Amino acid sequence: LVRGLRPYQLDELGLASAIRLEVDTLREKHAVRFDLDTSQGNDRRWPQTVESSLFRIFQEATANALRHGKPTFVRIRLEKDSEGLRLEVTDDGGGFDAEVTWTESGSTRPFGLFSMRERASLLGGTLTVESSPGSCTVVRAVIPVDGQENFLGA
């Protein structure tokens, strides 16, 4: 259980490489085309809290897409821009009414979406979800990191 709290890949390889390894595993398990772009943050290392949170958001967003959206295509993009470190997971599945979902409460409340939003918020970031029934879904997390990057071996 303890090993599952922080994947070893993050400590050993960093966020971009850990995501690449996870996508390789997903490609083997699912008949879905994955497009991955981590070119804007390849060798950068970020604070452990940022890497852990974004990795978990990535995992939850892709799991939701595969479980609920039934996509044929999932695109994952990780980049550093003027707002911070940005992770986007886009799928071409069936979509859902994102506005209604955020207002649900009790047992119908989508725990995964709210946990992703909380992870981003705890680091001063944002999480947005763009979706509607019959259209693609975009999950976007942005975590401010200016002045926090460590270039390990880069």
Side-chain angles (χ1 to χ4, degrees), residues 4-10 12-46 48-145:
L5 292 176
R6 180 164 167 83
Y8 75 91
Q9 301 96 322
L10 288 175
E12 300 286 325
L13 306 169
L15 180 60
S17 293
I19 289 174
R20 280 193 296 276
L21 281 175
E22 188 76 10
V23 167
D24 288 345
T25 300
L26 291 170
R27 283 181 176 129
E28 293 173 8
K29 293 181 180 180
H30 300 279
V32 174
R33 193 178 85 216
F34 288 89
D35 177 43
L36 176 62
D37 180 3
T38 60
S39 62
Q40 297 298 316
N42 252 351
D43 295 323
R44 292 182 183 183
R45 294 302 306 263
W46 307 97
Q48 286 185 356
T49 54
V50 171
E51 289 190 347
S52 291
S53 292
L54 282 175
F55 187 76
R56 294 301 186 197
I57 290 169
F58 152 75
Q59 285 182 312
E60 182 68 29
T62 55
N64 283 348
L66 294 169
R67 184 180 313 117
H68 302 297
K70 311 252 187 290
T72 62
F73 175 78
V74 176
R75 182 182 66 203
I76 299 108
R77 185 170 53 192
L78 176 68
E79 65 183 356
K80 168 71 171 72
D81 65 19
S82 62
E83 294 181 63
L85 194 55
R86 176 184 303 270
L87 171 72
E88 287 186 5
V89 178
T90 304
D91 73 80
D92 69 347
F96 62 98
D97 191 332
E99 285 189 38
V100 169
T101 300
W102 287 119
T103 63
E104 293 178 2
S105 62
S107 63
T108 61
R109 189 177 207 182
F111 177 75
L113 288 176
F114 280 89
S115 69
M116 288 189 292
R117 181 175 268 179
E118 184 160 307
R119 284 181 189 276
S121 178
L122 288 171
L123 295 171
T126 59
L127 182 112
T128 57
V129 178
E130 299 170 10
S131 188
S132 60
S135 71
C136 70
T137 298
V138 180
V139 176
R140 182 178 302 109
V142 180
I143 308 294
V145 291

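Computed from heavy atoms alone, side chains included, the values below leave out hydrogens, waters and symmetry copies. Keep in mind the model is a prediction, meaning the values are calculated, not measured.
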Shortest non-hydrogen contact from Ala141 toward Leu127: CB-CD1, 3.9 Å
Residue pair Arg117 / Leu113, side-chain heavy-atom distance below 4.5 Å: no
Sidechain-backbone polar pair: Asp92 side chain, Thr72 backbone, donor-acceptor under 3.5 Å: yes
Sub-4.5 Å side-chain heavy-atom contact between Leu26 and Leu66: yes
Rounded distance [0.5 Å steps], OG1 in Thr38 versus CG in Leu15: 9.0 Å
Gap separating the CG atom of Leu13 from the CD1 atom of Ile19, nearest 0.5 angstrom: 12.0 Å
Check: Gln48 main-chain N/O paired with Ser52 side-chain donor or acceptor under 3.5 Å: yes
Trp46 to Val145 - nearest heavy-atom pair and separation: CZ3-CG2, 3.4 Å
Distance in Å, Gln9 CD paired with Glu22 CD, rounded so as to fall on 0.5 Å steps: 7.0 Å
Any donor-acceptor pair under 3.5 Å from Ser135 side chain to Ser131 backbone: no
Interatomic spacing from OG in Ser115 to CZ in Arg56 - rounded to 0.5 Å: 10.5 Å
Side chain Glu79, main chain Arg86, donor-acceptor under 3.5 Å: no
Nearest non-hydrogen partners of Pro71 and Ala65, listed with the distance: CD-O, 3.1 Å
Taking every non-hydrogen atom, the tightest pair across Arg27 and Phe34: NH2-O, 3.0 Å
Interatomic distance, Arg33 atom CZ to Arg75 atom CZ [nearest 0.5 angstrom]: 10.5 Å
Side-chain heavy-atom pair Thr137, Val89 within 4.5 angstrom cut-off: no
Which atom of Leu10 lies closest to which atom of Ala18, heavy atoms considered: CD2-CB, 3.8 Å
Spacing of CE belonging to Met116 relative to CD1 belonging to Ile57, to within rounding of 0.5 Å: 7.5 Å
Any Val74 side-chain heavy atom under 4.5 Å of His30 side chain: no
Backbone of Val50 reached by a side-chain donor or acceptor of Ser53 within 3.5 Å: no
